[in-house]
Structures are given as structure tokens and as C-alpha cells.
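Read through the structure below, which is laid out as C-alpha cells, and then see the notes.
Every chain is numbered from 1, with letters handed out A, B, ... down the list of sequences.
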Number of protein chains: 2
Amino acid sequence: MVDDSGVRPHNIRMSDPISLVFAALSDPTRRAILTMLLEDDMAVTDVAQPFAMSLAAISKHLGLLADAGLISQEKRGRVKWCKLEPDALSAASVWMQGFGQFEPVDLDALERFIESELHGDEPSD
Amino acid sequence: MVDDSGVRPHNIRMSDPISLVFAALSDPTRRAILTMLLEDDMAVTDVAQPFAMSLAAISKHLGLLADAGLISQEKRGRVKWCKLEPDALSAASVWMQGFGQFEPVDLDALERFIESELHGDEPSD
DNA sequence: CGCTAATTCAACCATATGGTTGACGATTCC
DNA sequence: GGAATCGTCAACCATATGGTTGAATTAGCG
């Protein structure tokens with residue numbers, strides 16, 4: 001048979017930094033987490049608080065966000081603090097600007113978005 | 001019991017529009033396709049041309065991009081034309097701007113990005 | 001009409017993702 | 001020291017993703 005000593009899967013999924021960032025942003029839970037971190041640094045348990053899922057799940061999400069460079073995590077004592085790292089967004093943002101035929105950021109829409117991400121289920125009005 | 005014979009998987013993966021857009025952008029092939037479409041509308045086969053993967057694979061990528069609203073596809077005769085729909089990016093872009101503590105878009109970096117996405121492997125000179 | 005080109009479909013495969021639970025390693029507190 | 005708290009790890013499950021191949025569909029061409 002073919003020498004499959006390498007047997008390496010025919011298909012290597014390599015993830016460049018931008019792909020990681022976009023992938024991280026593609027989940028609503030993670031976007032919500034980022035939005036929460038806009039307000040302040042938080043401990044993992046506190047991040048998990050509002051979500052209807054296990055701590056472990058949130059921990060994984062935070063891991064992905066950290067992998068993408070979108071947050072940093074610093075362990076002090078037994079609590080691990082999560083801090084937003086908005087710079088990681090810049091590469092992705094720059095990439096998107098290339099398609100910037102659309103209007104140059106509707107600040108009003110922006111506010112509504114942030115608002116709805118923060119407490120999306122409550123009728124804001 | 002409440003067992004709603006639908007045995008519905010405990011976990012429904014719903015994808016809001018923004019998630020779809022970010023997910024679509026999280027793949028380098030798809031970003032490359034979008035970049036190509038920046039230049040001009042293209043037929044599926046032509047899109048597939050530069051890539052080392054099957055037509056079917058590209059067709060699926062285009063499907064995802066269309067689902068996310070990032071492109072539209074119009075079939076004329078037997079060829080299907082793909083057209084960039086940059087407006088779909090605006091929601092995602094607006095979302096990202098909320099984290100806009102980073103510098104307001106380095107146009108130089110932008111050019112380099114577009115350039116490297118267009119023909120990343122060939123010496124551009 | 002029959003061929004060929006353009007594209008999708010269907011089945012399949014491997015790996016990634018998002019979630020669960022339960023055990024575990026640290027750390028703080030009494 | 002022992003118990004509670006913080007967080008991750010490991011194993012598991014279901015589904016999604018990214019790719020393949022080959023067959024089917026549809027449309028133009030000689």
C-alpha cells in the first residue's frame with residue numbers, strides 16, 4: 001500500500017490570525033462576552049454569570065477569545081481576570097475597510113447595537 | 001413527560017445575520033474570493049480558477065457567502081455570476097467599531113492587506 | 001440530436017465547534 | 001487541616017465545516 005507513515009490528513013486547517021479573529025467573532029456568546037468586557041475587566045465566573053451554560057463552556061469561549069488575541073487573561077490568586085484587547089480587532093477591521101463602499105459607520109446604529117448586545121432581550125423602549 | 005417527540009437536539013445552533021457574516025469571513029479562501037470579486041463580477045468557474053480545490057468546494061464557499069449576504073448570484077444562461085454585496089458587511093463593521101479604541105484605519109496597511117490577499121504567494125514585483 | 005461545458009447534488013470522510021458532566025488542581029478561608 | 005471556591009481538564013455527544021468524488025442537471029454549440 002501507499003506508505004502512509006505520515007498519514008497526515010489530506011487537509012490541514014491552518015488558521016492565520018485574521019481567520020481566528022473572525023471565527024471568534026462569529027459566535028453570539030463570545031460577542032456578548034466582549035461587549036461585557038467593554039465595561040470592565042471581569043473574572044471568569046462573573047463572565048459566566050449571565051449565561052445559561054456551564055462554566056466550562058464559558059471557559060472554552062474565553063480560551064478561543066484569548067487565542068484570537070481579543071482578550072488577555074491574568075491569573076491573580078485563584079481568580080483569572082479577563083481583559084479586552086481591542087487591538088486584535090484592528091487587522092480584521094482593516095481588512096473589512098477594503099470593502100468600505102458602504103456608509104462610513106452609522107453611529108446611531110452603533111449605539112443601538114451595543115445596547116442590544118448588552119441586554120438584547122429587554123425591550124429597550 | 002414533556003418529551004416532545006421531536007427529540008430536538010438539546011442545542012439549536014441558530015445563526016443571526018452578524019454571526020453568519022463573521023463566520024463567512026473566517027475562512028481565507030472565502031476572503032480571497034471576496035477580494036477577487038472586488039475587482040469584478042465573476043462566474044463560478046472563474047472564481048474557482050486560482051484555487052487548488054474542486055469546483056464543488058468553491059461552489060459551497062460561494063453558497064456560504066451568499067447565505068451571509070456578502071455576495072449575490074445571478075444565473076444567466078448556464079453560467080452563474082457572482083457579485084460582491086458589500087452592504088452586508090456594514091452590520092458587522094458597525095459592530096466592530098464599538099471596540100474602536102484602536103487607531104482609525106491605517107490606509108497603508110489596508111493596501112498591503114488587499115495586495116497580499118490578492119496574490120499573497122507571488123512576489124508582487 | 002448529441003456533445004460538452006457550467007454548476008450543483010449526494011454521499012462520504014475527517015476534523016472542528018459548542019455544549020454537557022464529573023473529576024481534578026489550586027487557592028483562600030475558617 | 002479541611003471545606004468551599006475558581007477554573008480547567010478529559011471524555012463524551014451532536015452537529016457544522018471543509019474537503020473529496022462521481023453522478024445529475026441544465027444550457028449552449030456544431
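Minimum interatomic distance between A:Glu85 and A:Ile71 (heavy atoms only, all atoms of both residues): CG-C, 3.7 Å. Counting all heavy atoms, side chain and backbone alike, A:Ala48 lies closest to A:Leu55 at CB-CD2, 4.0 Å.
At the phosphate of C:dT8, neither OP1 nor OP2 sits under 4.0 Å from any side-chain N or O atom of B:Lys60. Between B:Arg78 and D:dC29 there is no side-chain polar atom (N or O) within less than 4.0 angstrom of OP1 or OP2. For the pair A:Ser54 and C:dG19, the criterion of a side-chain N or O lying under 4.0 Å from OP1 or OP2 is not met.
Using a 4.0 Å heavy-atom criterion, one finds that B:Ala43 contacts the sugar-phosphate atoms exclusively. Nucleic acid contact class of A:Arg76 (heavy atoms, under 4.0 Å, all strands): none.
Rounded to an integer number of Å, the gap from B:Phe51 CZ to D:dT20 C1' is 17 Å. What separates CZ of A:Phe22 from P of D:dT17 is a distance of 17 Å, to the nearest Å. In this structure, B:Asp27 atom CG and C:dT17 atom P are separated by 12 Å, rounded to whole Å. Rounded to whole Å, the distance from CG on A:Leu55 to P on D:dT8 is 8 Å. When the C1' atom of C:dT17 is taken as reference, atom CE of A:Met53 falls 12 Å away, rounded to whole Å. Atom NZ in A:Lys80 sits about 14 Å away from atom C1' in C:dT27, given to the nearest Å. Here the C1' atom of nucleotide D:dA16 and the CG atom of B:Asp67 are 13 Å apart, to the nearest Å. The CG atom of B:Leu20 sits 13 Å away from the C1' atom of D:dT17 (whole-angstrom rounding).
Along DNA chain C, the nucleotide nearest to A:Ala56 and the one nearest to A:Arg30 differ in position, and the one closer to the 5' end is contacted by A:Arg30. Each of B:Val79 and A:Ser26 was assigned the nucleotide of DNA chain C with the nearest heavy atom; the assignment lying further toward the 5' end belongs to B:Val79.
Not a single donor-acceptor pair under 3.5 Å links the side chain of B:Arg30 to the backbone N or O of B:Leu25.
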| message | Is there a side chain to side chain contact (heavy atoms under 4.5 Å, CB included) between B:Lys80 and B:Ser59? Walk through the geometry before answering. | response | CA-CA 10 Å; B:Lys80 197 173 201 173; B:Ser59 180; over 6 Å; no
| message | Under the criterion side chain to side chain contact (heavy atoms under 4.5 Å, CB included), I'd like the reasoning laid out for A:Gln73 against A:Val44: C-alpha separation, chi angles, the key distance, then a yes or no. | response | CA-CA 9 Å; A:Gln73 298 181 285; A:Val44 174; 4.3 Å; yes
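Side-chain proximity of A:Thr29 to D:dT8, C:dG19, C:dT8: nearest is C:dG19.
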